[in-house]
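One structure is given here, and the rest of the page talks about it.
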Amino acid sequence: MDLALLRTFVTVHRAGSFTRAAALLGLSQPAVTSQIRTLERQLGRPLFLRQARGVTPTTIGDELAHRAAPHLDALVEIAETGLDEESGVRTLHLAGPPEFTAARALPALTPLVAQGLAVRASFLGNSEDILDGLAAGHHDLAIATARPRGGLLTSTPLCDEEHVLVAAPRWAARLVPEVLLRRGAVILEQLPVVEVHESLPFVSRYWAAVFETKPAATATVIAPDLRAVLESAASGAGLAVLPRYLCEEALEQGRLVALLDPPVPPLRTYFLIVRAGTLALPHIARAHEWLLRASEDW
């Protein structure tokens, strides 16, 4: 049996789509379709059921993937390890949210850089864009706040991010915590808001978790980077909802004040995501393990 056909088959099985598999393999969709049909003729069995959105493996298809995929991944590992030995350097293409990747992930990978790993980081604010880029083969490892579906991408919870409602001291001095707990949503909506988008994603998530309602406020300042939101809020532009890891230093310095201390603070989970089978590659596996280990202290 032709190994190229098996490689195409396993890629389609993981991607759930001829189109996405073609992008990963660097082939045209007709070429992928032709290879799958050739393999089906050789086996005398259908391997996929064609649907409006992608394909679903048959029982035979699932069985073949289960048996073939580990061996193909092992062959890829052998080939990639050989390349490592020849070049001495392997490059990790990492994608994730700009603030978290800059503040957490890249510093955590520094020891591996000292050991010969090269890193190329892509900053993407939208989880859908991050997952699409990973699925298309543009990245090796991704950090996102959405868990992927399907068999092409596999995810591992990395850490939880606590969100804090903050403002500059001059705004905080006007607010009474006890009153905020009773009428917080109404009172806070009278203040200017600093956010990353007009849809108020951070404020809306906080309002839903703490006040069980939607905010009626509109943003006064929009800056598509949480670091800019932090500086704007600290300068007195308005209230903001920020990850604690990002604003902890400003809180300690007194540049920002936490307006509320809810019994159950709003959390958001980050996931560490790879394409299925790529943890067989040593440089990706090492970075994956290193980030998981580092996240224990986050």
Side-chain angles (χ1 to χ4, degrees), residues 7 10-11 14-15 20 23-26 69-161 225-227 243 245-246 268-298:
R7 178 170 176 259
V10 169
T11 304
R14 286 172 169 167
R20 182 168 284 182
L24 288 169
L25 294 166
H71 301 290
L72 287 170
D73 292 340
L75 290 173
V76 171
E77 180 182 4
I78 292 170
E80 294 288 345
T81 301
L83 289 174
D84 284 354
E85 292 173 352
E86 291 177 10
S87 66
V89 176
R90 280 296 293 166
T91 300
L92 176 78
H93 294 270
L94 174 69
E99 305 87 0
F100 185 88
T101 306
R104 294 294 201 197
L106 288 175
L109 292 174
T110 299
L112 295 185
V113 173
Q115 297 172 20
L117 179 71
V119 179
R120 300 292 181 268
S122 297
F123 291 165
L124 300 168
N126 186 288
S127 287
E128 184 176 350
D129 293 338
I130 293 172
L131 298 181
D132 286 346
L134 180 63
H138 302 316
H139 321 301
D140 301 316
L141 186 62
I143 299 168
T145 56
R147 187 190 292 270
R149 297 179 179 179
L152 177 62
L153 305 177
T154 59
S155 64
T156 305
L158 182 62
C159 65
D160 288 329
E161 168 187 272
D225 188 302
L226 286 173
R227 291 163 294 194
Y245 80 85
L246 192 65
R268 182 170 66 165
T269 301
Y270 283 98
F271 298 94
L272 194 56
I273 308 165
V274 296
R275 288 189 304 282
T278 58
L279 286 180
L281 304 179
H283 70 295
I284 297 179
R286 286 167 59 214
H288 188 275
E289 179 184 359
W290 207 269
L291 287 171
L292 288 176
R293 190 183 306 167
S295 70
E296 296 175 2
D297 297 324
W298 293 346

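The shortest heavy-atom contact between Phe123 and Ala102 is CZ-CB, 4.2 Å. When all heavy atoms of Ala108 and Leu291 are compared, the closest pair comes out as CB-CD2, 4.0 Å. Among all heavy-atom pairs drawn from Arg286 and Gln115, the shortest one is NH2-OE1, 3.0 Å. Closest of all the heavy-atom pairs between Ala144 and Ser127 is CB-OG, 3.8 Å.
In this structure the side chain of Tyr270 never reaches within 4.5 angstrom of the side chain of Ser295, judged on heavy atoms. Side-chain atoms of Pro97 and Ile130, non-hydrogen and from C-beta on, do get closer than 4.5 Å to each other. The shortest side-chain heavy-atom distance between Phe100 and Cys159 falls under the 4.5 Å cut-off. Contact check for Leu158 versus Phe271: no side-chain heavy atoms found under the 4.5 Å cut-off. With a 4.5 Å cut-off on side-chain heavy atoms, Arg20 and Asp132 count as touching.
Between Arg104 and Asp297, none of the side-chain N atoms (NZ, or NE/NH1/NH2) sits under 4.0 Å from a carboxylate O, so this pair counts as no salt bridge. Between Arg227 and Glu99 there is no salt bridge, since no side-chain nitrogen of the basic residue lies less than 4.0 Å from a carboxylate oxygen of the acidic one.
Going from atom CG of Leu112 over to atom CD of Glu289 covers 9.0 Å, rounded to the nearest 0.5 Å. How far NE2 of His93 is from CG of Leu141: 12.0 Å, rounded to the nearest 0.5 Å.
Here the options are Leu153, Thr156, Thr154, the test is side chain to side chain contact (heavy atoms under 4.5 Å, CB included), and the partner is Val274; only Thr154 passes. The side chain to side chain contact (heavy atoms under 4.5 Å, CB included) test with His139 singles out one residue from Leu92, Ile273, Leu124, and that residue is Leu124. Here the rule is side chain to side chain contact (heavy atoms under 4.5 Å, CB included) with Leu94, and of Ile284, Leu109, Asp140 only Leu109 fits it.
The neighbour count for Arg293 CZ, taken as heavy atoms of other residues, nucleotides or ligands under 6.0 Å away, is above 12.
Of the possible polar contacts, one joining the Arg14 side chain to the Ala276 backbone as a donor-acceptor pair under 3.5 Å is found.
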